[in-house]
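To start, the structure itself, in structure tokens.
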Amino acid sequence: MLEDSVPLSHYLMLSATLFVIGIVGVLIRRNVIVVFMSIEIMLNAVNISLIAFDNYMNLSNGQIFSFMVICVAAAEVSVGLAIIIAVHRNKPTVNLDEFNLLKW
Amino acid sequence: MELLIFYPLAGFCVVLALGVVLNNSPVGSAISLIGMMLGLAGIFVLQQAHFLAILQIIIYAGAIMVLFMFVIMLLNLKEGDDTGWIARERNLLLSVLTGLLAVGILYKISGILFTAEMDTPAILPDSFGTVATIGETLFTDFVLPFEVASILLLAAMVGAVVLAKTKLD
């Protein structure tokens, strides 16, 4: 019993759950920092899927993809937070509904 | 053994992810997110992806979350700046629809996942997920994406510096 391993579908289910939590966070929260964190949750959820399939099929490609996802997440966070600081300088708020600078 | 570790760890991750979304203060959200990243590193270790687990801790729980904390402190965000997680009282209907959407997606995905026909998992060699194996794949099959990623990071670094500067000379 104890040497049974967890089936792939449970890892994928965990991944799907975290991804949906991330979607809900993006949709219901209006604080721009928390929306950013929800995007990070979604990126991590995809990493779980990639690594689970990788382990299942004995490949290394999925781990390289996860590595690239982590790279892109780092780039996205640094630029995104710089944009938040720049916007905050002009309009001191973090509420996404008030960020309508680019709207006509 | 994997069973005993996976389910508590998965529950821990899901609870902390919910904590990120439902927490009223951004600092609380950030701390929940750090905990979630550490839990996910544990799940990566269960999948024999040791190198990725270490990267997850160093890059996500270390670098990215420090950046988040730094910006939260810099912007001096206080609790209730966006009146918590039901920030759209005007659009309560939208929040309810979002919740229904989430439950619907999860229902569909679990329906597909638990009825799908799966092959037997591959037999893993001992070297699976070590730095040597990953490095070999990275520098043979994926050497071009690896170099492109370095250019991406350079561009992001320059972009972040330019965007956050008060005025350009």
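Residue numbers begin at 1 in each chain, while the letters A, B, ... track the order of the sequences. Note that the structure is a prediction, hence the values are computed from the model and not measured. Below, each value reflects all heavy atoms present in this structure, side chains not excepted, and no hydrogens, waters or symmetry copies.
Between A:Leu43 and B:Tyr60, the closest side-chain pair of non-hydrogen atoms falls below 4.5 Å. Proximity of A:Ile64 to B:Asp141: side-chain heavy atoms (C-beta onward) are nowhere separated by under 4.5 Å. No side-chain heavy atom of B:Gln47 sits less than 4.5 Å from a side-chain heavy atom of A:Asp54. The closest side-chain heavy-atom distance from B:Ile123 to A:Asn58 is not below 4.5 Å. The closest side-chain heavy-atom distance from B:Leu75 to A:Ile84 is below 4.5 Å. Side-chain contact between B:Phe44 and A:Gln63 is absent, with no heavy-atom pair separated by less than 4.5 Å. Between B:Leu52 and A:Asn47 there is no side-chain heavy-atom pair separated by less than 4.5 Å.
Clustering ILVMFWY residues whenever any of their side-chain heavy atoms sit less than 4.5 angstrom apart, transitively, puts A:Tyr56 in the very cluster that holds A:Leu12. Under the 4.5 Å side-chain heavy-atom criterion for Ile, Leu, Val, Met, Phe, Trp and Tyr, A:Ile51 and B:Leu124 are members of distinct hydrophobic clusters. B:Met37 and B:Val15 fall into different hydrophobic clusters, defined by Ile, Leu, Val, Met, Phe, Trp and Tyr side-chain heavy atoms under 4.5 Å apart, directly or through other members. Linking Ile, Leu, Val, Met, Phe, Trp and Tyr residues whenever their side-chain heavy atoms come within less than 4.5 Å leaves B:Ile54 and B:Val66 in two separate clusters. There is a path of hydrophobic side-chain contacts, each under 4.5 Å, that joins A:Val77 to A:Val87.
The structure places CD1 of A:Ile41 at 5.0 Å from CE of B:Met36, a figure rounded to the nearest 0.5 Å. Atom CD1 of B:Ile72 sits about 4.0 Å away from atom CE of A:Met37, to the nearest 0.5 Å. Note that the CZ atom of A:Arg89 and the CG atom of B:Leu163 stand 9.5 Å from one another [nearest 0.5 Å]. Within the model, atoms CD of A:Glu76 and CD1 of B:Ile64 stand 8.0 Å from one another, a figure rounded to the nearest 0.5 Å. Atom CZ of B:Phe142 sits about 9.0 Å away from atom OG of A:Ser60, to the nearest 0.5 Å. Within the model, atoms CD1 of B:Ile112 and OG of A:Ser9 stand 13.0 Å from one another, a figure rounded to the nearest 0.5 Å.
Contacts between B:Leu113 and chain A at a heavy-atom distance below 4.5 Å involve backbone atoms as well as side-chain atoms. Of the two parts of A:Phe65, only the side chain, counted from C-beta on, holds a non-hydrogen atom closer than 4.5 Å to a non-hydrogen atom of chain B. Heavy atoms closer than 4.5 Å to chain A are found in both the backbone and the side chain of B:Phe68. Contacts between A:Leu96 and chain B at a heavy-atom distance below 4.5 Å are absent for every atom of the residue. For B:Ile105, the part lying near chain A is the side chain, with the backbone staying farther off; criterion is any non-hydrogen pair under 4.5 Å. With a threshold of 4.5 angstrom between heavy atoms, B:Ala155 does not approach chain A through any atom at all. Both the backbone and the side chain of A:Ile83 come within contact range of chain B, each with at least one heavy atom under 4.5 Å from a heavy atom of that chain. When heavy atoms are compared at a cutoff of 4.5 Å, A:Ile33 approaches chain B by way of both its backbone and its side chain. Using a 4.5 Å cut-off between heavy atoms, B:Leu138 touches chain A through backbone and side chain atoms alike. Looking at A:Val26, there are no atoms closer than 4.5 Å to chain B (heavy atoms on both sides), in backbone or side chain. Contacts between B:Ala17 and chain A at a heavy-atom distance below 4.5 Å involve backbone atoms as well as side-chain atoms.
Of the listed residues (B:Ser110, B:Ala149, B:Ser32), the greatest number of heavy-atom pairs within a distance under 4.5 Å of chain A belongs to B:Ser110. Ranked by heavy-atom pairs under 4.5 Å with chain B, the first of A:Pro92, A:Gly80, A:Ala73 is A:Ala73. Chain B forms more heavy-atom pairs under 4.5 Å with one residue of A:Ile23, A:Ile85, A:Ile70 than with any other, namely A:Ile70. Taking A:Ser38, A:Cys71, A:Ser78 one by one and counting their heavy-atom pairs under 4.5 Å with chain B, the maximum is reached by A:Ser78. Per-residue heavy-atom pair counts under 4.5 Å with chain B were compared for A:Leu59, A:Asn44, A:Val72, and the maximum is reached by A:Asn44. Of the listed residues (A:Val24, A:Asn61, A:Leu8), the greatest number of heavy-atom pairs within a distance under 4.5 Å of chain B belongs to A:Asn61. Of the residues considered (B:Leu74, B:Thr98, B:Val103, B:Val161), B:Thr98 shows the highest number of contacts with chain A, using heavy-atom pairs under 4.5 Å. By number of non-hydrogen pairs under 4.5 angstrom with chain A, the leading residue of B:Ala116, B:Gly99, B:Gly129 is B:Gly129. By number of non-hydrogen pairs under 4.5 angstrom with chain A, the leading residue of B:Ala49, B:Gly159, B:Cys13 is B:Ala49.
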side-chain contact (heavy atoms from CB on, under 4.5 Å) assessment of B:Leu40 paired with A:Leu18: CA-CA 11 Å; B:Leu40 287 189; A:Leu18 288 181; 4.0 Å; yes

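Scored by the side-chain contact (heavy atoms from CB on, under 4.5 Å) test, A:Thr17 finds A:Met13, A:Ile21, B:Val14, B:Leu106 as partners (sequence neighbours excluded). Among residues two or more places apart in sequence or in another chain, the ring-ring contact (aromatic ring centres under 6.0 Å, His included) test is passed with A:Phe36 by none.
Closest approach of B:Ala102 to A:Val20, counting heavy atoms only: CB-CG1, 3.4 Å. In terms of heavy-atom proximity, A:Val79 sits nearest to B:Ala156 at CG2-O, 3.7 Å. Considering every non-hydrogen atom in both B:Ser29 and A:Val34, the closest pair reads OG-CG2, 4.0 Å.
Note on ring orientation: taking the six-membered ring where Trp is involved, the planes of A:Tyr11 and B:Phe6 are tilted (angle from 30° to 60°).
Residue B:Tyr7 places its OH atom among more than 12 non-hydrogen atoms of other residues, nucleotides or ligands, all under 6.0 Å distant.
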